[in-house]
Amino acid sequence: MATKKAADSTLYHLTSKGFWKKFRDAVVVNPEISTGLPLATEHRYPPPASRPEKYSTPATKASDPAQNPYWKRDVRRVYPQLSVVSQSELSGLLIEHSGAKAVAAPAEGAEKADVPAETKEVDLAAAIATITKENKVYTEARLPPAIPIPHAKWHPAVAENAPHTPYSYWPMTLYR
């Protein structure tokens, strides 16, 4: 004789007690159906709210009110910061970085590396002239960058007319 294998509906689920058990027994259509609420002690270890210690938020720099002012947290006011480069600074940078220079290996016993001296102020037009005099910036093989165009420019061309009756009024021209 085959035995009926079924899960016990009250084994791992909460059951009603007292008045609500009697009410459930009187109202429910199928008393074998469980409530569907799992027992916290069976399914969660440790059960919720069973830990003796209280949770404390770990201290960070953001949790210190003195180090976390509102203007640093307000992301609506994070505007891009402007930077200004003068023409003399730009000309110095262009001259300094115009050629790829190899870095020399450090010498034995050298304690202090040579720090490059400050560059003298040069006019931007003169700096560009010296850079282009030393090496050709653009050639036919190495052209300047072009503005990217997401699609080819449209050149209208007349297409053949849409099908219509031969003697009807058709005031429309189709283009490709």
Colleague: Identify the two heavy atoms, one from I128 and one from L94, that lie closest to each other, and give their separation to 0.1 Å.
Modeller: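 Shortest heavy-atom separation between I128 and L94 comes out as CG1-CD1, 4.4 Å.
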
Colleague: Search all heavy atoms of Y70 against all heavy atoms of R76 and return the closest pair with its distance.
Modeller: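 Here Y70 and R76 meet closest at OH-NH2, 2.9 Å.
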
Colleague: R142 and T139: side chain to side chain contact (heavy atoms under 4.5 Å, CB included), yes or no, with the steps?
Modeller: CA-CA 5 Å; R142 187 174 159 209; T139 61; 3.5 Å; yes

Colleague: I'd like to know if I149 and L143 are part of one continuous hydrophobic network [Ile/Leu/Val/Met/Phe/Trp/Tyr, side-chain heavy atoms within less than 4.5 Å].
Modeller: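 Different hydrophobic clusters.
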
Colleague: Can you name the nearest heavy-atom pair linking S91 to D123, along with the distance?
Modeller: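 So the two residues come closest at CB-O, 4.0 Å.
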
Colleague: Show me the donor-acceptor pairs, under 3.5 Å and distance only, between side chains in residues 53-62 and residues at least two apart or in other chains.
Modeller:
{"residue": "E53", "atom": "OE2", "partner": "R51", "partner atom": "NE", "Å": "3.1"}
{"residue": "E53", "atom": "OE2", "partner": "R51", "partner atom": "NH2", "Å": "2.5"}
{"residue": "T60", "atom": "OG1", "partner": "A62", "partner atom": "N", "Å": "3.4"}
{"residue": "T60", "atom": "OG1", "partner": "S63", "partner atom": "N", "Å": "3.4"}

Colleague: So do the side chains of L14 and L39 get within less than 4.5 Å of each other, counting heavy atoms only?
Modeller: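 Counting from C-beta outward, L14 and L39 do come under 4.5 Å.
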
Colleague: Would you give the length of the straight line joining atom CD of Q67 to atom NZ of K72, rounded to the nearest 0.5 angstrom?
Modeller: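 Answer rounded to 0.5 Å: 6.5 Å.
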
Colleague: Any side-chain heavy-atom pair from H13 and L37 closer than 4.5 angstrom?
Modeller: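 In short, these two side chains do not touch, never coming nearer than 4.5 Å.
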
Colleague: Can you list, pair by pair, the side-chain donor-acceptor contacts under 3.5 Å of residues 16-29, counting residues two or more places apart and other chains?
Modeller:
{"residue": "R24", "atom": "NH2", "partner": "I33", "partner atom": "O", "Å": "2.4"}

Colleague: I need the T130 OG1 to I95 CD1 distance, nearest 0.5 Å.
Modeller: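 Between atom OG1 of T130 and atom CD1 of I95 there are 4.0 Å.
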
Colleague: How about N68 and R73: do any of their side-chain heavy atoms sit closer than 4.5 Å?
Modeller: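 A side-chain contact exists here, since the closest heavy-atom pair is under 4.5 Å.
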
Colleague: Could you walk me through whether T173 and V158 pass the side chain to side chain contact (heavy atoms under 4.5 Å, CB included) check?
Modeller: CA-CA 7 Å; T173 307; V158 177; 4.0 Å; yes

Colleague: Restricting to non-hydrogen atoms, name the atom on M172 and the atom on N161 that form the minimum distance, rounded to 0.1 Å.
Modeller: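 Heavy atoms only, the tightest pair is O-OD1, 3.8 Å.
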
Colleague: May I ask you to decide if R176's main-chain N or O and W154's side chain share a donor-acceptor pair within less than 3.5 Å?
Modeller: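 Yes; judged by distance alone, with no hydrogens or angles, the pair exists.
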
Colleague: Write down the atom of V122, the atom of A127, and the distance for their closest heavy-atom approach.
Modeller: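 Shortest heavy-atom contact: CG1-N, 4.0 Å.
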
